[in-house]
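One structure below.
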There are 2 protein chains.
Amino acid sequence: MLTERQLFLLQVLVDDYILSAEPIGSRSISKREDIHFSPATIRNELADLEEMGFLEKTHLSSGRIPSEKGYRFYVDHLLSPILLSDDEMRNIRKAYTERYYEAEKLIETTAQILSDFTNCTAIVLGPELLDTKLKHIQMIRLSENRAVLIIVTDTGHVENRVVALPDEVNGSEIERMVNILNERLIGVPLYQLKVRLQQEIHAVLNEHIHHYERMMIEIEHALSVNGPDQIYYGGKNNILSQPEFRDINKVIPLLNVLEKKDLIHGLLRSPKSGIQIKIGKENKLVAIEDCSVITTTYSVDSEHVGTVAVIGPKRMAYPRVVTLLDIISKSLTNNLNSNY
Amino acid sequence: MLTERQLFLLQVLVDDYILSAEPIGSRSISKREDIHFSPATIRNELADLEEMGFLEKTHLSSGRIPSEKGYRFYVDHLLSPILLSDDEMRNIRKAYTERYYEAEKLIETTAQILSDFTNCTAIVLGPELLDTKLKHIQMIRLSENRAVLIIVTDTGHVENRVVALPDEVNGSEIERMVNILNERLIGVPLYQLKVRLQQEIHAVLNEHIHHYERMMIEIEHALSVNGPDQIYYGGKNNILSQPEFRDINKVIPLLNVLEKKDLIHGLLRSPKSGIQIKIGKENKLVAIEDCSVITTTYSVDSEHVGTVAVIGPKRMAYPRVVTLLDIISKSLTNNLNSNY
DNA sequence: ATTAGCACTCGTTAACAAGGAGTGCTAACA
DNA sequence: TGTTAGCACTCCTTGTTAACGAGTGCTAAT
């Protein structure tokens, strides 16, 4: 449907606009040395592209900017992956050379790198906990009536909660109870814990332990709150230096959304793997309808367990960000799999 | 040095300016019904106050705003604590009624409440870990060459790190080692752990366990990184709606500072207890030289363990914030002591 | 000591003109 | 038929000017 030349012009215009953040006029396009036709011709073409909905004007006699449909087309059909300079590749690798003792640190660093290199906000959703399996349960008494319940998963993740001990329960009973829990629950995926507890364990405990009910309430509570997964940010404020956010009133709702963990989850958590791009209003949230979000997944043991995302203005350096996101999510996957 | 009337006018002016955020002129002051002299008189007094350095003008013929010295005087000598309405007291109590299973949640909530009620940014530094004592060490094997080392403190706080197991070490040796660590280290304050490890434990391990050196490096690393204490934020973006931060270029450095944990620590951690107020440049950081910071401490077992802080514009509702900070830090202390 | 009166300063707002960037359209051109 | 030069037109931006209002400092009268 689009002619070669229209494709070319659309690409040039989007590329230019991404760099300059200003409406692009026919004259400035015509000055490029790879363009061999006049501003007037370009005007005609741009007018057609606008009619088709790929471009917009900010006012009657302004230059053009890409519409959301324009970005979408650009991203779907004109995105030429970019090669990073050797220098940059070295820098990325260097950032990963440190050996990380904890997965958390590694993920934090990943978010940091990604935001630094894209100049956008990077978000990494921590590994989905629910799929991991129980490795060990332990209860350590702190005082007469408090203990900390510790749950270790097979990935080495540790969850803990302080629980109240009812007066009626004595030490040996607690020990027995923990033993029972370990016998029965090791290897069970976390998301099944609560059900299994209710279905099997109650009966068993009933046989062996007196007064276990109040105790169980505490434990159930502790086990069920294996909270929403961790969210790691990098360059939270990078987006503030983009010219489209010079107005503080555009910034406030955006930053507020970033603070709302549930919204971020809803926004980023995706069933599909591979790179996905949402442009402007394609994101369901009003607060980020002027932003684009690019996500991909990373994995441990070839299961997709988490999401890596970049949030920036619609006028985002798509080719560069896509390339970086790809490289960095793969680095993260590699590092996670080789070290943990 | 200051006459009654000058004190009164300074107070009125600061109060008014805190509300309106606009330079205060003699006429608007004279309109108050508790003022029985003319604008001209007020002008004379204000000119004197300005000469003494308590007030400033934004331009030659503008009204006055308080200088930092003016705020300082106001805070030191004119601060009349405010009574909160029954309604507000009820709301604060209500926010605390939920029973929190974890200290973390309680602290998070505290930061939230404080920011909501002050419309500023609230920061709570988590309990100082170093003073707490070791309750239990445990190592749980995850695989052939990885284990998670878990440290429980007497406050119920759990620290954990994944450590690599050298090939030479076998299971029973690890068990023995952990036993030794527990025997020797329980009750030791965390900040002493590393020293004790090096001074006592090395010798003991040397007797009982072969090839313990590489293992120890891992453990030392794990024990020594009882990282900087947690920082909890509430209303991170509240400050953005203040008129003095309409300009995004003032906002960026401020938000960036908020993200830097070490700077925040340096800023807030204070040896003194009780409410402390730092105004503008009294804070050492350039990025917050237009802000005031009010801090106080909270405690567990009558030891001061953490800091509660409010960051807002210099034009902050000092009386209200001071009152709220006092109430809320005490509530936090009470809750922590009764529940944990 | 207080205050009314007045000249003066400075920020804000509106109106207006000039310049520039860009467009759409028309007519000429290859 | 596709391309382009030329031109009128639109709209943003910038600068100028004028008017107004809020506020001050000073002087002189009370």
Side-chain angles (χ1 to χ4, degrees), chain A residues 1-10 12-17 19-67 70 243-244 246-247, chain B residues 1-10 12-17 19-67 70 243-244 246-247:
Chain A
M1 278 210 326
L2 289 185
T3 66
E4 268 314 303
R5 195 163 69 185
Q6 284 172 330
L7 291 175
F8 177 62
L9 284 173
L10 181 54
V12 165
L13 189 141
V14 175
D15 283 340
D16 274 12
Y17 183 63
L19 280 181
S20 72
E22 267 167 29
I24 309 295
S26 55
R27 225 177 85 88
S28 78
I29 293 185
S30 76
K31 283 210 186 108
R32 292 173 56 114
E33 54 180 31
D34 53 352
I35 291 232
H36 309 291
F37 29 90
S38 76
T41 310
I42 296 173
R43 278 202 290 281
N44 287 330
E45 297 283 37
L46 295 189
D48 289 349
L49 283 169
E50 183 181 354
E51 212 163 294
M52 289 185 267
F54 294 115
L55 300 178
E56 289 172 354
K57 283 189 284 196
T58 59
H59 60 270
L60 204 72
S61 72
S62 78
R64 262 69 175 211
I65 64 173
S67 66
E244 27 269 277
R246 238 175 293 136
D247 177 9
Chain B
M1 277 215 324
L2 289 185
T3 66
E4 267 317 301
R5 195 164 67 187
Q6 285 172 331
L7 290 175
F8 177 64
L9 284 172
L10 180 55
V12 165
L13 189 140
V14 175
D15 283 340
D16 275 12
Y17 182 63
L19 280 181
S20 71
E22 268 170 23
I24 308 295
S26 56
R27 226 178 84 87
S28 78
I29 293 184
S30 77
K31 283 210 185 106
R32 293 173 55 113
E33 55 180 30
D34 53 352
I35 291 232
H36 310 290
F37 30 90
S38 75
T41 312
I42 295 173
R43 277 203 289 282
N44 288 328
E45 296 282 38
L46 295 190
D48 289 349
L49 284 169
E50 183 181 355
E51 212 163 295
M52 289 185 270
F54 295 115
L55 300 179
E56 290 171 353
K57 284 189 283 196
T58 58
H59 62 267
L60 204 72
S61 72
S62 79
R64 261 75 174 205
I65 64 174
S67 66
E244 27 271 275
R246 239 174 293 135
D247 177 10

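Remember, it's a predicted structure, so these values are computed and weren't measured experimentally. Every chain is numbered from 1, with letters handed out A, B, ... down the list of sequences.
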Rounded distance [0.5 Å steps], [atom1] in [X] versus [atom2] in [Y]:
{"X": "Q6(B)", "Y": "F54(B)", "atom1": "CD", "atom2": "CZ", "value": "9.0 Å"}
{"X": "D48(B)", "Y": "R5(B)", "atom1": "CG", "atom2": "CZ", "value": "10.0 Å"}
{"X": "E45(B)", "Y": "R43(B)", "atom1": "CD", "atom2": "CZ", "value": "12.5 Å"}

### Query
Closer to the 5' end of DNA chain C via nearest nucleotide, is it E45(B) or L60(B)?
E45(B)
### Position toward the 5' end of DNA chain C (nearest nucleotide), A47(A) or T41(B)
T41(B)
Tell me: [atom1] of [X] to [atom2] of [N], nearest whole Å?
{"X": "L9(A)", "N": "dT3(D)", "atom1": "CG", "atom2": "P", "result": "11 Å"}
{"X": "E22(A)", "N": "dA21(C)", "atom1": "CD", "atom2": "P", "result": "12 Å"}
{"X": "F37(B)", "N": "dT3(C)", "atom1": "CZ", "atom2": "C1'", "result": "13 Å"}
{"X": "I42(A)", "N": "dA21(C)", "atom1": "CD1", "atom2": "C1'", "result": "15 Å"}
{"X": "I24(A)", "N": "dT23(C)", "atom1": "CD1", "atom2": "C1'", "result": "15 Å"}
{"X": "N44(A)", "N": "dG22(C)", "atom1": "CG", "atom2": "P", "result": "17 Å"}
{"X": "I29(B)", "N": "dT24(D)", "atom1": "CD1", "atom2": "P", "result": "8 Å"}
{"X": "H36(A)", "N": "dA30(C)", "atom1": "NE2", "atom2": "C1'", "result": "18 Å"}

Measuring to OP1 and OP2 of [N], would you say a side-chain N or O of [X] lies under 4.0 angstrom away?
{"X": "R5(A)", "N": "dT3(D)", "answer": "yes"}
{"X": "R64(A)", "N": "dG24(C)", "answer": "yes"}
{"X": "S38(B)", "N": "dT2(C)", "answer": "no"}

### Message
For a 4.5 angstrom cut-off between non-hydrogen side-chain atoms, does L9(A) reach I35(A)?
### Response
yes
### Query
Is there side-chain contact between K31(B) and S28(B), with heavy atoms separated by less than 4.5 Å?
no
### Heavy-atom donor-acceptor pair, R43(B) side-chain to dG25(D) base, under 3.5 Å
yes
### Task
Kindly indicate whether the side chain of S61(A) and the base of dT10(D) share any N or O donor-acceptor pair separated by less than 3.5 Å?
yes
### Query
Between dG25(D), dT3(C), dT4(D), which one does the side chain of E50(B) approach most closely?
dG25(D)
### Message
Among dG25(D), dT3(C), dT23(C), which nucleotide has an atom closest to any side-chain atom of K57(B)?
### Response
dG25(D)
### Message
Applying a 4.0 Å non-hydrogen cut-off, can you work out what S62(A) is touching in the nucleic acid: base, sugar-phosphate, or nothing?
### Response
sugar-phosphate
### Message
Over all strands shown, is S26(A) touching base, sugar-phosphate only, or nothing at heavy-atom distances under 4.0 angstrom?
### Response
sugar-phosphate
